[in-house]
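All values below come from the heavy atoms of this structure, side chains included, with hydrogens, waters and symmetry mates left out.
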Amino acid sequence: MTETGFSSFDTMVDKANRLLREIEEANGWPKERRKQSYAALRAVLHRLRDRLSVDGAAHFGAQLPTLIRGVYYDGWKPAETPVKLSGEDFLQRVRDDFPYAVDGGVERVVHTVLEVLERHVSEGEWNHLKSGLPKSLASVLP
């Protein structure tokens, strides 16, 4: 557990670290590759956020752990959303934002991150997220 001296902050840091650890474990990455798991999470979150409507992005963001929510909203330009993306466009943009070569390629990384995210939001929100995406992109989601 990270100790900041303020229990609410400690909880936020622990939740963020737990999510990153789940990504690492699913990919078989050691903790020393934490920057890589962060980059994967950030790239996937930003592509999802940019593809969703402003309302959809806000509803999804509200379900994320507090520190992860900050990553999600970092650099967001609501007036420029939604960005039309097919499933392949989504994967390509994640490839552009994820500078690491990994076993299984970026497709596996995206799938892993999405599976982890699915466990951290309500089932109703996840279903709402999927229903708000075009079929070619919704098919990327678990």
Side-chain angles (χ1 to χ4, degrees), residues 1-4 7-142:
M1 178 169 188
T2 302
E3 296 292 327
T4 64
S7 65
S8 293
F9 284 2
D10 292 341
T11 300
M12 287 186 281
V13 170
D14 287 342
K15 285 180 180 180
N17 277 324
R18 187 176 325 123
L19 200 144
L20 292 171
R21 194 169 38 254
E22 288 178 29
I23 292 168
E24 290 159 2
E25 289 170 358
N27 283 299
W29 299 339
K31 183 180 179 179
E32 293 75 28
R33 292 172 79 177
R34 180 63 46 101
K35 286 182 182 179
Q36 187 169 299
S37 58
Y38 171 78
L41 176 62
R42 185 177 190 282
V44 171
L45 283 174
H46 284 185
R47 297 297 66 86
L48 274 178
R49 175 204 69 197
D50 291 346
R51 179 55 187 97
L52 296 169
S53 68
V54 172
D55 284 347
H59 285 288
F60 182 70
Q63 298 252 330
L64 297 171
T66 306
L67 288 179
I68 302 303
R69 191 177 316 141
V71 172
Y72 177 71
Y73 285 118
D74 184 42
W76 188 36
K77 297 176 183 162
E80 297 177 12
T81 59
V83 175
K84 304 295 183 197
L85 297 171
S86 68
E88 186 51 45
D89 294 335
F90 181 90
L91 292 172
Q92 185 56 53
R93 292 210 182 178
V94 171
R95 274 185 210 101
D96 294 344
D97 292 345
F98 183 71
Y100 301 93
V102 294
D103 292 339
V106 76
E107 293 83 358
R108 178 171 179 230
V109 171
V110 167
H111 189 70
T112 299
V113 169
L114 291 171
E115 284 179 340
V116 169
L117 287 172
E118 182 181 20
R119 291 193 297 267
H120 289 268
V121 300
S122 71
E123 182 179 349
E125 183 57 40
W126 193 258
N127 290 335
H128 182 72
L129 171 74
K130 287 178 78 167
S131 70
L133 296 173
K135 284 186 179 192
S136 68
L137 185 51
S139 66
V140 174
L141 276 68

Inset, instruction - Could you tell me which non-hydrogen atom of Gly87 sits nearest to which non-hydrogen atom of Val140, and how far apart they are? - result: CA-CG2, 4.0 Å
Legend entry - Approximate separation, where rounding is to 0.5 Å, of Phe98 CZ and Arg47 CZ: 14.0 Å
Inset, instruction - Would you check if His46 and Val94 make a side-chain contact, meaning some heavy-atom pair closer than 4.5 Å? - result: no
Legend entry - Arg51 side chain to Leu137 backbone, donor-acceptor under 3.5 Å: no
Legend entry - Leu85 side chain near Asp50 side chain, heavy-atom distance below 4.5 Å: no
Inset, instruction - Over all heavy atoms of both residues, which pair between Leu52 and Thr81 is shortest? Give the atoms and the distance, please. - result: O-CB, 3.9 Å
Legend entry - Worked verdict on Leu91 versus Val110 for side chain to side chain contact (heavy atoms under 4.5 Å, CB included): CA-CA 8 Å; Leu91 292 172; Val110 167; 3.9 Å; yes
Inset, instruction - Can you label the angle between the Phe60 ring and the Trp126 ring as parallel, tilted or perpendicular, going by 30° and 60°? - result: tilted
Legend entry - Tyr100 side-chain N/O to Ala40 backbone N/O, donor-acceptor pair under 3.5 Å: no
Inset, instruction - Mind running side chain to side chain contact (heavy atoms under 4.5 Å, CB included) on Val109 and Ile23 for me, showing each step along the way? - result: CA-CA 8 Å; Val109 171; Ile23 292 168; 5.9 Å; no
Legend entry - Atom pair CG (Asp74) and CZ (Arg69), whose distance is rounded to the nearest 0.5 Å: 14.5 Å
Inset, instruction - Apply the test side-chain hydrogen bond (donor to acceptor under 3.5 Å, both in side chains) to residues Glu115 and His111: give CA-CA distance (whole Å), side-chain angles for both, the deciding distance (0.1 Å), then the verdict. - result: CA-CA 6 Å; Glu115 284 179 340; His111 189 70; 2.8 Å; yes
Legend entry - Asp89 and Ser86: side chain donor to acceptor below 3.5 Å: yes
Inset, instruction - Report yes if the side chains of Met12 and Lys15 come closer than 4.5 Å at any heavy-atom pair, otherwise no. - result: no
Legend entry - Flag side-chain contact, heavy atom, 4.5 Å: Ser37 against Asn27: no
Inset, instruction - Could you tell me whether the side chain of Lys84 reaches within less than 4.5 Å of the side chain of Pro134, counting heavy atoms only? - result: no
Legend entry - Val83 versus Glu80, closest heavy-atom pair with distance: CG2-O, 3.6 Å
Inset, instruction - Report yes or no: does Arg49 contribute a side-chain atom to a donor-acceptor pair with the main-chain N or O of Tyr72 at less than 3.5 Å? - result: yes
Inset, instruction - Would you indicate whether the side-chain heavy atoms of Val54 and Trp76 approach each other to under 4.5 Å? - result: yes
Inset, instruction - Please test Glu25 against Lys31 for salt bridge (Lys or Arg N to Asp or Glu O under 4.0 Å), starting from the C-alpha separation and ending with a verdict. - result: CA-CA 9 Å; Glu25 289 170 358; Lys31 183 180 179 179; over 6 Å; no
Inset, instruction - Flag the pair Glu107 and Arg95 as a salt bridge only when some basic side-chain nitrogen lies within less than 4.0 angstrom of an acidic carboxylate oxygen. - result: yes
Legend entry - Euclidean distance, Trp29 CH2 relative to Asp103 CG, rounded to 0.5 Å: 10.0 Å
Inset, instruction - With rounding to the nearest 0.5 Å, note down the distance linking CG in Leu129 to NE2 in His59. - result: 12.0 Å
Inset, instruction - Please examine the side chains of Val102 and Arg33, heavy atoms only from C-beta on, and report whether any two atoms are closer than 4.5 Å. - result: yes
Inset, instruction - Report yes if some heavy atom in the side chain of Leu20 is under 4.5 Å from a heavy atom in the side chain of Arg34; otherwise report no. - result: yes
Inset, instruction - State whether the side chain of Lys130 and the backbone N or O of Ser139 hold a donor-acceptor pair below 3.5 Å, judged by distance alone. - result: no
Inset, instruction - Could you grab the distance from atom CZ of Arg21 to atom CZ of Arg18, nearest 0.5 Å is fine? - result: 7.0 Å
Inset, instruction - Working to the nearest 0.5 Å, report the span between CD of Glu22 and CG of Leu117. - result: 9.5 Å
Legend entry - Under 3.5 Å: donor-acceptor pair, side chain of Gln63, backbone of Glu125: no
